[in-house]
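These notes concern the structure reproduced below.
Every number for a ligand or one of its atoms is a count from 1 in the order of the listing. Note: hydrogens, waters and symmetry copies are ignored here, and every other heavy atom, side chains too, is used.
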Amino acid sequence: MTVLARKIVVDTATTEFATDVVAGLTATPKKLSPKYFYDSAGSALFEQITELAEYYPTRTEIGILNERAGDIAASIPPGAALIEFGSGSSTKTRKLLSTATSLAAYVPVDISAQFLQQQAKELRREYPKLAVLPVAADFTKPFELPDPVRIMPRVGFFPGSTIGNFEPHEAAAFLRHAGRILGRGATFIVGVDLIKDTQVLQKAYCDSQGVTAKFNLNLLARINRDLGAKFNLDCFEHHAFFNRERSRIEMHLASLKRQRVKVCGECIDFRAGETIHTENSYKYSLESFGALARGAGWTPAAVWTDPNNYFSVHTLSLRD
Ligand code: SAH
Ligand code: AVI
């Protein structure tokens, strides 16, 4: 517990949020971490994104997982624990949980604590024989696995191309960190979005219904809610474009005018057109992701794609 400006007593997570927000908004250029998109409102908005016609990654990855569920289940040892990093609504996981019936436990790990608890409750109802053991944590930092899982063989699951939201060097560091959590002999199933036509990519992040814009702007709404700031959401606009040189979609929030906003006692000045860089979503080739995984100590075992080569699911193994 700590005391912020204006004497609001807050918990450790909020203190960290405040520190990162002030550091990001006083940096040049201004930036915020995409992990802060996900409070309960942000998680619900992400679910809406996954249902958009333009947002191909979710339905494409589900197609691959459904088709390959038998192969994936065969790589899961009996009595294993499935540990999912950034589980969200666990929609993709359900197919694996239903196919790999010898799984003893499912450990969804997510930063969006309230949303995670709701999903875990639902999963326990649907899979009464499975130990559903949620962990509310930032998966980039060390966290404890639940006690029963410590003696179980572990299989990691990281779908959605959430790995693309890291800088490539951070993605390599994360793969090493996941290796330490999962242990020698582990299998890691990772969903990775692929490089493709610019129009297809840009439409996925700039949808016609404005849901992605709402998701992006929720970051400012969250700063208002949690840190008592007064961002006027009408004075910022969602921007998303594919930076082919860096092989990434960039999302920004652009200030529509010159303005000053007070955040945690700090005055933040915006020029008209100045942006806050809120997210990168890196796109890989099969080769570039394989090389990244190898460099982080994992051995690529199998890779599956859809007929359009839009998305890929990799299984990696950590040799004994
Ligand atoms: N796995 C789901 C959800 C992907 S959205 C799918 O494939 O559809 C990304 C998820 O990762 C969100 O649920 C978000 O809350 C979570 N997340 C993002 N950054 C995180 C972090 N640093 N630590 C833990 N969870 C994180
Ligand atoms: C979670 N992550 C992989 C999504 C992505 O596609 O980068 C988040 C997202 N941002 C905008 N739309 C979806």
Practice item. Give the residue and atom name of whichever protein heavy atom lies nearest to atom 2 (N) of ligand 2, and the separation in Å to one decimal. Key: N165 OD1, 2.9 Å
Point to revise | Cation over ring face, K257 and F270, 6.0 Å, 45° | key: no
Point to revise | Check: H177 ring centroid to F139 ring centroid under 6.0 Å | key: no
Review point. Looking at F236 versus F231, is the centre-to-centre ring distance below 6.0 Å?
Key: yes
**Study point:** contact_flag S161 ligand 2 heavy-atom lt 4.0 Å
**Key:** yes
Check your understanding: Among the heavy atoms of S33, does any lie under 4.0 Å from an atom of ligand 1?
Key -> no
Practice item. Evaluate the ring planes of Y56 and Y310, with Trp represented by its six-membered ring, and classify them as parallel (under 30°), tilted (30 to 60°) or perpendicular (over 60°). Key: perpendicular
Exercise for review: Run the ring-centre check on F37 versus F215 and record whether the distance is less than 6.0 Å.
Suggested key: yes
Point to revise | Location of contacts on F37 toward ligand 2, heavy atoms closer than 4.0 Å | key: neither
**Study point:** Y55: numbered ligand 2 atoms lying under 4.0 Å from its heavy atoms
**Key:** 4 (C), 5 (C), 6 (O), 12 (N), 13 (C)
Check your understanding: In ligand 1, which numbered atoms sit nearer than 4.0 Å to a non-hydrogen atom of E84?
Key -> 1 (N)
Review point. Taking atom types as modelled, is there a side-chain donor on Y284 or D193 under 3.5 Å from an acceptor on the other?
Key: no
**Study point:** ligand 1 contact on S87 by region, counting heavy-atom pairs under 4.0 Å
**Key:** backbone
Exercise for review: Taking the six-membered ring for Trp and the single ring otherwise, decide whether the centroids of F17 and Y36 are under 6.0 Å apart.
Suggested key: yes
Practice item. Heavy-atom contacts with G88 under 4.0 Å: which atoms of ligand 1 show up? List them by number with element. Key: 13 (O)
Exercise for review: Report the relative orientation of the aromatic rings in F174 and F188; use parallel for angles under 30°, tilted for 30 to 60°, perpendicular for over 60°.
Suggested key: tilted
Practice item. May I ask whether F215 has any heavy atom positioned less than 4.0 angstrom from an atom of ligand 2? Key: yes
Exercise for review: Verify the distance criterion only: is there a donor paired with an acceptor across the side chains of T26 and E266 at less than 3.5 Å?
Suggested key: no
**Study point:** Nearest non-hydrogen protein atom, atom 8 (C) of ligand 2
**Key:** E279 OE2, 3.4 Å
Check your understanding: Can you list the ligand 1 atoms lying under 4.0 Å from a non-hydrogen atom of A137?
Key -> 23 (N), 24 (C)
Point to revise | Close approach, K141 and ligand 1, non-hydrogen under 4.0 angstrom | key: no
**Study point:** For ligand 1, the portion of S89 having any non-hydrogen atom under 4.0 Å away
**Key:** neither
Check your understanding: Which residue holds the protein heavy atom closest to atom 9 (C) of ligand 1, what is that atom called, and what is the gap in Å?
Key -> T162 OG1, 3.6 Å
Point to revise | Where ligand 1 meets G86 - atom numbers and elements under 4.0 angstrom, heavy-atom basis | key: 1 (N), 2 (C), 3 (C), 4 (C), 10 (C), 11 (O), 16 (C)
Review point. If you count the atoms of ligand 1 from 1 in the order shown, which ones are under 4.0 Å from a heavy atom of P159?
Key: 1 (N), 7 (O)
Exercise for review: Compute the shortest N/O to N/O distance between K92 and ligand 1 and return yes if it is under 3.5 Å, no if not.
Suggested key: yes
Exercise for review: Find all atoms of ligand 2 within a distance of less than 4.0 Å from any non-hydrogen atom belonging to T162, and give their numbers and elements.
Suggested key: 1 (C), 3 (C)
Practice item. Number the atoms of ligand 2 from 1 as they appear, then name those within less than 4.0 Å of a heavy atom of S281, with their elements. Key: 5 (C), 6 (O), 7 (O)
Check your understanding: Side chains of L318 and L182: closer than 4.5 Å at any heavy-atom pair?
Key -> no
Revision key, fill the gap. Checking heavy atoms under 4.0 Å, the part of Y38 that sits near ligand 2 is side chain
**Study point:** Nearest-contact summary for atom 5 (S) of ligand 1 - protein heavy atom, Å
**Key:** F46 CE2, 3.4 Å
Review point. Does ligand 1 have a heavy atom under 4.0 Å from the side chain of F139, from its backbone, from both, or from neither?
Key: both
Exercise for review: For G160 and ligand 2, answer yes if some heavy atom of the residue is under 4.0 Å from a ligand atom, otherwise no.
Suggested key: yes
Exercise for review: Answer yes or no: does an N/O atom from T212 fall short of 3.5 Å to an N/O atom of ligand 2?
Suggested key: no
Exercise for review: Could you tell me whether I111 and ligand 1 have an N or O pair separated by under 3.5 Å?
Suggested key: yes
Check your understanding: With ring centroids as reference points, do Y38 and F115 lie under 6.0 angstrom apart?
Key -> no
Revision key, fill the gap. If you scan protein heavy atoms around atom 22 (N) of ligand 1, the nearest is D138 OD1, 2.9 Å
Practice item. Any atoms of ligand 2 less than 4.0 Å from a non-hydrogen atom of M251? List them with their elements. Key: 11 (C)
**Study point:** Heavy-atom nearest option to atom 16 (C) of ligand 1, drawn from D110, T58, V135
**Key:** D110
